[in-house]
Structure formats: C-alpha cells, structure tokens
2 protein chains.
Amino acid sequence: MPETTTPTTRESKHQATALRVERNAVRLVLRHGFDNVTVDMICEASEISQRTFFNYFKTKDAAVIGADVPHVDEAKAREFISSDSDLLAELLTLMMTMAANLNFDEKLMTDRIIVFGQNPDLMHKQMERMTRVTAEVTELVYLRIRRAAGQPPVEQAGVEPAVLEQDLRDQAELLTNAIMGVLRFVATRWIPTPDSAAMPGASGSSEGQVAPSREQVLEHALSLLRRTLRTP
Amino acid sequence: MPETTTPTTRESKHQATALRVERNAVRLVLRHGFDNVTVDMICEASEISQRTFFNYFKTKDAAVIGADVPHVDEAKAREFISSDSDLLAELLTLMMTMAANLNFDEKLMTDRIIVFGQNPDLMHKQMERMTRVTAEVTELVYLRIRRAAGQPPVEQAGVEPAVLEQDLRDQAELLTNAIMGVLRFVATRWIPTPDSAAMPGASGSSEGQVAPSREQVLEHALSLLRRTLRTP
DNA sequence: TCGTAAAGTGCAGTAACTGCAAAACATGGC
DNA sequence: GCCATGTTTTGCAGTTACTGCACTTTACGA
C-alpha cells in the first residue's frame with residue numbers, strides 16, 4: 001500500500017490530458033458554436049477515444065465550462081466570517097473568487113468567458129453549478145450575521161431561541177440567493193466587449209478603456225446596488 | 001383566408017392533447033423519477049406517437065415543466081409601472097404571477113411543484129426559463145424607476161443625460177436579477193412539505209398549519225428581505 | 001361530398017452517454 | 001531486465017433524446 005509514490009507521472013499526465021481536452025473544447029466551441037461541435041470532434045483534436053472523454057468529463061458541457069467545480073476557499077471563508085465591514089461587497093467578492101477558480105491558464109479563462117457571452121445556455125450551466133455550493137455559502141453568511149448579531153448560538157432569554165435562529169438562517173439564505181442574482185448581473189458586464197476582443201488598439205471608439213476589469217465592474221455594481229437599495 | 005373560423009375543434013383538441021401529455025408526464029415523473037421515465041413511456045400513456053410528442057414539445061423537459069413559457073401580463077405590467085408603493089414587493093409579486101401561469105389545473109400545478117422539489121434540475125430549467133423574460137421585466141422596472149425619478153427620458157441640464165439613463169438601466173437590470181434570486185428563495189419555501197403532501201390530517205406534528213400559502217411565504221420573504229437590507 | 005391544408009405518424013439517422021470486457025500501459029518487486 | 005499487478009484507455013454494443021423527410025390520416029370549408 002504505497003502512500004505517496006512518485007507525486008507526478010500518473011496524476012500529472014491525467015491533469016495534462018484534461019487541460020488539453022478543455023482547451024480544444026473551448027477553442028472549437030469558440031470557432032464553430034456549441035451545437036456545431038460534437039464530442040467526437042473534441043476527441044479527435046485531443047487524440048483520445050470518445051470513451052476516454054467520458055471518463056474525464058461527465059458531460060460535453062463539463063469539458064467546455066471546466067471540470068473543476070467552484071468551491072469556497074477555507075482561508076477566505078474564515079476571513080469572511082470574522083470580518084465586520086461591508087457585508088454585500090465581501091460576499092460578492094467571495095463568490096466571484098469562487099467562480100474564477102484555481103485555473104492559472106489565463107487564455108483558457110478569458111476564452112471561456114467569451115464562450116459564456118456567446119452561448120447563454122452554458123452561462124446558465126455555470127450559474128447552476130454555483131447554486132450547488134449555495135448551501136455552503138449560506139452557512140458562511142449565517143455564521144457571520146449570527147456573530148454580528150452578538151448571539152452565542154442558543155443562549156437567549158425567552159422560549160424562542162430556535163425561532164430567532166431560524167430567522168437568521170432564512171436571512172442568510174435569502175441574501176445568498178439575492179447576491180447570486182447580482183453575480184449574474186456582474187457576469188454579463190464582465191464579458192469582454194466584442195470590440196476589445198477583436199482590436200486591442202484604438203478602433204474608433206474614443207476611450208482607451210479596453211475592457212472593464214473585474215474590480216471596476218464589481219465596484220460599479222456595488223455602488224449601483226447601494227444606490228438602488230437606498231431609493232425605494 | 002378565413003380569419004376567426006370555428007374557434008374550437010382544431011385548437012381545442014390540440015390543447016386537450018397537450019394537457020393530457022403534461023399530466024401523464026408529471027404523473028410518471030412523480031412516480032418513477034425523471035431519469036427513469038422515457039419519452040416513449042409518456043407517449044404510450046398519452047396514446048400518441050413519439051414523433052407527435054416532439055411536435056408538441058421541444059424537449060422532454062418541456063412536457064414536465066409545462067409548454068407555456070412564463071410571460072408578463074399586459075395589464076399587470078401597466079399597473080406595476082405606474083404604481084408608487086413598495087417596489088420590491090410589487091416586483092416580486094409580478095414575477096410570481098408570471099411563474100404560476102394561466103393553467104387552471106390546480107392538481108397539475110401542485111404536482112409540478114412537488115416534482116420541482118424532488119428534482120432540482122427541473123427547477124433550474126424553470127428558473128432558466130424565467131431568465132428568458134428578464135429583459136422584459138428589466139424594461140418594466142426601468143420605466144418605473146425612471147418615472148419615479150421624475151425624469152422625462154432625455155431632458156436634463158448638462159452634457160450627460162445618456163450616462164444617467166444608462167445608470168437607471170443598470171439599476172433596473174441589477175434589481176431584476178437580484179429579485180430573481182429572491183424568487184428562487186421563495187420557490188424553495190413554497191414547495192409543499194413532504195409531510196403535508198402525504199397526510200392531510202394531523203400525523204403527529206403539533207401545528208395544524210398544513211402548508212404555507214403563497215401569500216404567507218411571500219410576506220415572510222419580504223419582511224425578511226427588508227430586515228436584511230436594513231442590517232448591514 | 002370533395003379538395004386542400006394541417007396534423008399525425010413511421011422510418012431512418014445523429015449525437016450524447018453508459019456498461020462491459022478486453023487491450024495497453026505504468027509501476028514496483030525481484 | 002522481466003514479470004505480476006493494478007490502472008488507464010479503448011472498442012463495442014446498446015439506450016435515449018431528438019430531427020428531417022416523406023407519407024397517411026384527419027378536419028374544415030366550399
């Protein structure tokens with residue numbers, strides 16, 4: 001029962017193949033559109049059999065939007081829970097860092113975002129994935145607002161601590177879901193403008209502002225959100 | 001070119017068949033689970049050929065979640081735009097009336113909701129459908145908040161009315177997306193409790209509150225939302 | 001009652017996906 | 001270097017959702 005064998009060949013080869021397939025998938029979809037790309041095409045380009053493809057990815061979608069499921073980073077989670085500044089901003093940031101995952105392949109990531117822009121269905125799939133971790137995020141929000149409410153879990157005067165707690169849970173879930181919507185909004189603004197993708201240089205539009213950075217978009221969305229909430 | 005012919009036989013027969021298929025689809029899915037129900041099974045139960053099935057419904061999903069796409073009612077839209085009371089509440093109500101559509105078959109509707117509860121994928125599909133009308137709703141919200149802001153479309157002092165208008169559009173879109181999240185939350189609470197579905201009478205749980213009505217759930221969500229927004 | 005257009009159907013084909021069992025391969029012990 | 005062993009890859013056959021096309025049946029208006 002050899003524990004940590006050579007930490008490489010087996011696993012790294014697997015990862016290399018997965019990455020190659022994902023790249024080919026995204027490239028092909030970018031060129032021909034999702035519906036016009038068959039699994040066989042991706043397989044041929046990646047030099048694997050169809051059966052192997054489905055060993056790597058559960059669905060055709062998965063190859064295009066990426067195999068790795070969004071998840072919450074431990075450290076960030078702790079930081080989030082114990083912070084006391086802007087809840088909305090920090091929650092939104094947290095969820096964005098989940099979406100843009102560990103993948104350090106910059107090209108692949110931006111290409112993917114473009115694909116999302118061109119193919120709403122895939123964007124939905126991605127959002128659907130996000131909702132799979134909703135429960136986790138909700139838990140984090142709950143822990144934070146409970147702490148902020150200054151309540152040790154079940155210590156309360158009267159007869160109904162359970163009710164109050166449930167209310168906090170509901171609030172957490174509600175907030176998480178709402179922020180998910182905001183995230184969707186942010187995502188749409190985040191997609192590279194068709195112009196900027198085509199022409200890095202000035203093509204005719206006056207401003208040199210190539211494509212809004214994540215931070216810019218997020219900041220804009222937040223200020224907008226705050227203003228919106230203040231109005232009614 | 002006869003305009004309004006007999007308003008019945010042709011069309012009503014079509015609707016009757018569609019309804020029959022939907023009922024069978026929901027019934028079968030409820031009994032066996034979505035993945036264990038084939039289109040052929042639905043066809044056999046409904047006494048139509050598979051080819052006809054796909055003439056009625058684009059996908060297997062469509063038969064289960066219903067053929068009719070959510071849409072905004074003209075009258076309600078106008079009412080919404082010109083109202084000045086609680087924006088959040090009215091927007092949420094508007095979207096809920098979209099989801100629960102014209103179908104007057106009570107049984108079918110509740111069964112469907114149960115199906116949604118048992119099969120998250122279908123719930124997602126339904127939400128995805130909702131997002132298809134996001135643009136429309138956004139437009140309504142925009143019209144309302146623009147009116148509330150007291151701005152006739154493009155009449156403004158300085159050089160940047162376009163910017164202000166775009167900001168209002170962004171606000172509308174953001175709000176719509178966020179409310180969609182709230183709607184999702186409401187939906188989860190809306191699903192009949194497994195208990196109440198099984199046993200109408202008292203089975204052991206103390207309260208006689210069988211299942212929260214739509215109004216109750218909505219009211220709860222709204223009060224929760226308001227409290228949540230006041231806190232941070 | 002008949003002609004026409006619409007609705008329903010059979011059939012053949014494509015594409016995503018699954019299970020199974022054989023083949024190819026990598027790895028560690030000798 | 002070579003063999004035993006477990007893992008990965010693959011081929012193959014089958015299922016299911018879905019589509020286009022051509023043909024039959026049906027409903028409707030004249």
Side-chain angles (χ1 to χ4, degrees), chain A residues 1-22 24-26 28-29 32-67 119 121-122 124-125 128, chain B residues 1-22 24-26 28-29 32-67 115 119 121-122 124-125 128-129:
Chain A
M1 207 182 285
E3 271 297 300
T4 48
T5 61
T6 32
T8 37
T9 328
R10 214 90 164 201
E11 188 182 357
S12 77
K13 198 172 181 179
H14 192 276
Q15 273 197 276
T17 303
L19 188 60
R20 180 160 36 91
V21 174
E22 287 185 19
N24 281 319
V26 169
L28 286 171
V29 169
H32 303 112
F34 185 77
D35 291 335
N36 298 320
V37 174
T38 70
V39 172
D40 282 338
M41 288 166 69
I42 303 174
C43 292
E44 196 183 359
S46 311
E47 297 178 292
I48 57 172
S49 73
Q50 201 204 51
R51 199 59 190 77
T52 304
F53 176 93
F54 283 112
N55 284 340
Y56 275 77
F57 304 94
K58 280 192 187 164
T59 64
K60 177 181 159 190
D61 304 327
V64 180
I65 71 183
N119 196 318
D121 278 9
L122 290 180
H124 287 323
K125 288 267 165 59
E128 189 185 323
Chain B
M1 207 180 282
E3 270 298 299
T4 48
T5 62
T6 31
T8 39
T9 328
R10 211 91 158 201
E11 189 181 357
S12 78
K13 196 171 182 181
H14 193 275
Q15 273 197 276
T17 303
L19 188 59
R20 180 161 35 92
V21 175
E22 288 186 17
N24 282 318
V26 170
L28 287 170
V29 169
H32 303 112
F34 185 76
D35 291 335
N36 298 321
V37 174
T38 70
V39 172
D40 283 337
M41 287 166 70
I42 303 174
C43 292
E44 196 182 0
S46 311
E47 296 178 293
I48 58 172
S49 73
Q50 202 204 51
R51 197 62 189 78
T52 303
F53 176 93
F54 283 112
N55 284 341
Y56 275 78
F57 304 95
K58 280 192 186 161
T59 63
K60 177 181 158 190
D61 303 328
V64 180
I65 71 183
V115 166
N119 196 320
D121 279 10
L122 290 179
H124 284 126
K125 288 267 165 59
E128 189 185 324
R129 271 194 183 179

B/Glu47 CD to C/dT9 C1': how many Å, rounded? 15 Å

Answer yes if the side chains of B/Arg51 and B/Asn55 hold a donor-acceptor pair under 3.5 Å, and no otherwise. yes

Which whole-number value in Å describes the distance from B/Glu11 CD to C/dA6 P? 14 Å

Just to confirm, is there a sub-4.0 Å distance from OP1 or OP2 of D/dT10 to any side-chain nitrogen or oxygen of A/Thr52? yes

Looking for any heavy atom pair under 4.0 Å, which part of the strands does B/Phe57 touch: base, sugar-phosphate only, or nothing? nothing

May I have the distance from A/Lys13 (atom NZ) to D/dT7 (atom C1'), rounded to whole angstrom? 12 Å

For B/Ala67, is there any backbone N or O sitting under 3.5 Å from a side-chain donor or acceptor partner on B/Glu22? yes

With side-chain contact (heavy atoms from CB on, under 4.5 Å) as the criterion, how do A/Ile42 and A/Phe53 come out once you've worked through the C-alpha distance, each side chain's angles and the decisive distance to 0.1 Å? CA-CA 9 Å; A/Ile42 303 174; A/Phe53 176 93; 4.0 Å; yes

So, for A/Met41 and A/Asn36, which heavy atoms are closest and what is the spacing to 0.1 Å? SD-O, 3.6 Å

State whether A/Tyr56 places a side-chain N or O below 4.0 Å from either non-bridging phosphate oxygen (OP1 or OP2) of D/dT9. yes

Gap between atoms CG and P, on B/Asn55 and D/dT19 respectively (whole Å): 10 Å

Look for any protein N or O under 3.5 Å of an N or O in nucleotides 13-18 of chain D and output each such pair with its distance, or none.
unit_1, atom_1, unit_2, atom_2, d
D/dA17, OP1, B/Lys60, NZ, 3.1
D/dA17, OP2, B/Val39, N, 3.2
D/dC18, OP2, B/Lys60, N, 2.6

Flag side-chain contact, heavy atom, 4.5 Å: A/Val64 against A/Phe34: yes

More than 12 heavy atoms of other residues, nucleotides or ligands under 6.0 Å from NZ of A/Lys60: is that the case? yes

Could you tell me how far apart B/Ile48 (CD1) and C/dG10 (P) are, to the nearest whole angstrom? 11 Å

